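We name chains A, B, ... by the order of the sequence lines, and we start the count at 1 in each one. These numbers were taken from a predicted model, which means no experiment stands behind them.
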Protein chains: 2
Amino acid sequence: MEPCLRVRKAAYKSGQVIHDFGQDSGNIGILCSGRASLVRLNVNGTRTILETLGPDNLFGEQLAFSDGKTDCLYVCCEADCTVLFLNYDDITKRCANACRCHSRLVENLLELISKKNLRLSQRIEVLSQRSIREKLLACFRLLAIEAESPAFTLPFNTSELADYICADRSAMLRELSKMKQEGLVWVQRRQIRLPDFEEKRSTL
Amino acid sequence: MEPCLRVRKAAYKSGQVIHDFGQDSGNIGILCSGRASLVRLNVNGTRTILETLGPDNLFGEQLAFSDGKTDCLYVCCEADCTVLFLNYDDITKRCANACRCHSRLVENLLELISKKNLRLSQRIEVLSQRSIREKLLACFRLLAIEAESPAFTLPFNTSELADYICADRSAMLRELSKMKQEGLVWVQRRQIRLPDFEEKRSTL
DNA sequence: TTTTTTAAGTTGCAAATGCAACAGCATATT
DNA sequence: AATATGCTGTTGCATTTGCAACTTAAAAAA
């Protein structure tokens with residue numbers, strides 16, 4: 001595209017590894033379409049879904065902490081993706097001719113990174129809860145806000161959801177059945193419904 | 001400073017509230033000097049230290065998820081601070097005269113937000129650990145990397161550290177004494193030392 | 001100095017969570 | 001249809017964690 005930028009576009013199928021954080025590529029990736037997740041595999045086999053990525057979401061070494069080589073950290077394609085790779089230094093190290101489109105690119109990236117910031121902040125919102133119940137509720141509230149409805153479909157199966165809230169699957173399901181019994185949430189496979197969403201909105 | 005920007009600079013003393021997320025101000029803050037933390041107070045009294053902020057760190061509604069009005073979310077000054085407030089829209093909505101310094105500002109902000117991204121990502125690294133022990137070790141590893149030494153001073157007292165790793169203080173201390181006994185870590189009040197830091201580095 | 005306050009550290013007990021193993025159900029494959 | 005596979009959901013048991021109450025040590029105030 002631009003002479004001052006090294007750009008590469010690539011497509012991926014579900015299940016493929018889009019980016020491995022093992023070797024520092026110096027690139028940041030922009031997910032143009034599809035769905036992916038940033039996953040960490042622990043040495044003892046624990047999987048953690050660190051981020052879920054959708055269109056216009058960013059990833060890369062410069063944007064994610066990577067604990068050296070002990071753990072395995074990678075971006076995995078969940079639904080067929082197209083990805084744009086940019087060289088991070090090309091963006092930050094202002095180009096010699098200070099071209100107009102360059103500064104435009106930086107502006108756009110600022111917006112995308114701000115949004116990523118917000119997503120990470122939401123992730124922390126979930127993980128900072130002290131119990132599985134609270135984690136689930138925080139997670140469901142966010143999904144409800146995103147869906148703009150008290151009813152929504154989980155983007156996870158139960159195993160993935162457990163890896164996302166960083167808890168044991170069976171413990172999570174046990175807590176979820178209790179919550180169903182107590183009427184805190186309505187669940188039917190991946191369909192979720194929160195009871196008092198409308199009331200909450202109106203109190204704001 | 002610039003005609004296209006609304007800027008405000010302010011100073012704070014330790015303990016003062018720098019920014020309350022209750023009312024959306026539309027500003028982002030840049031911590032010029034000092035130390036602060038982004039804190040959430042739960043309805044049932046649980047405190048969570050969501051972020052620790054140092055010089056050049058950013059905060060603001062546009063960069064942090066806020067759960068409406070149920071919880072109390074604010075930036076609290078820990079050590080005397082100076083803070084620069086910018087209007088977020090002024091930055092993102094390109095100014096009419098497309099001035100050079102404006103695009104320069106955006107570039108600088110991009111760098112700061114990237115760094116914030118990394119910090120949030122580190123925060124998630126800690127919180128995504130499954131046990132208190134692993135949380136502590138992840139936290140200590142990060143502090144050791146930051147200090148560029150296996151020995152460092154905690155920026156927290158024990159109560160704050162517990163609020164940072166989102167665990168109970170007594171449970172955390174119990175685990176910490178076990179870790180001391182097992183030789184995983186050396187602790188003397190706020191002084192921490194990890195045993196095998198040098199080895200780890202060399203294996204990379 | 002003595003007193004007061006604050007933080008560090010400990011412990012028993014109850015509750016929550018992780019682990020492992022399993023049963024039930026749905027979908028895909030042969 | 002029969003079989004295999006993968007996901008959902010359940011349960012017993014051991015471990016971890018949270019909670020409350022307490023002791024000890026350090027720092028600050030009198």
Taking only residues at least two apart or on different chains, which pairs with a member in residues 120-131 of chain B satisfy salt bridge (Lys or Arg N to Asp or Glu O under 4.0 Å)? A:Arg40-B:Glu125
I need the full list of side-chain hydrogen bond (donor to acceptor under 3.5 Å, both in side chains) pairs touching residues 8-18 of chain A, with sequence neighbours left out, sorted by first then second residue. A:Lys13-A:Asp80
Residues passing the side-chain hydrogen bond (donor to acceptor under 3.5 Å, both in side chains) test with A:Glu111, sequence neighbours excluded, are A:Lys115
In residues 128-136 of chain B, which ones come under 4.0 Å of DNA chain D, going by heavy atoms? B:Ser131, B:Ile132
Any donor and acceptor pair, going by atom type alone, linking the side chain of B:Glu160 with main-chain N or O of B:Asn157 inside 3.5 Å? yes
Residue pairs, two or more places apart or on separate chains, that pass salt bridge (Lys or Arg N to Asp or Glu O under 4.0 Å) and touch residues 185-194 of chain A: none
Is the distance between the ring centroids of A:His19 and A:Tyr74 under 6.0 Å? no
Under 4.5 Å between any side-chain heavy atoms of A:Leu73 and A:Val39, yes or no? no
Hey, could you give me each pair passing salt bridge (Lys or Arg N to Asp or Glu O under 4.0 Å) that has a residue in residues 49-66 of chain B? Not counting sequence neighbours. B:Glu51-B:Lys116
Are the side chain of B:Ser25 and the backbone N or O of B:Asn27 linked by a donor-acceptor pair below 3.5 Å? yes
Extract, from 5' to 3' on DNA chain D, the first and final nucleotides lying under 4.0 angstrom from some heavy atom of chain B. D:dT17 to D:dA26
Can you name the residues that form a ring-ring contact (aromatic ring centres under 6.0 Å, His included) with B:Phe156, not counting sequence neighbours? B:Tyr164
Pairs meeting criterion side-chain hydrogen bond (donor to acceptor under 3.5 Å, both in side chains) with involvement of residues 176-186 of chain B, two or more places apart: B:Arg133-B:Glu182
Nucleotide range of DNA chain C lying under 4.0 Å from chain A heavy atoms: C:dT17 to C:dA20
Is there a residue in residues 169-176 of chain A whose heavy atoms reach under 4.0 Å of DNA chain C, and which residues are they? A:Ser170, A:Ala171, A:Arg174, A:Glu175
Could you pull out all residues at least two apart from A:Ser37 that satisfy side-chain hydrogen bond (donor to acceptor under 3.5 Å, both in side chains)? A:Glu78
Pairwise 5' ranking along DNA chain D for B:Cys166 and A:Val187, keeping only the more 5' one: A:Val187
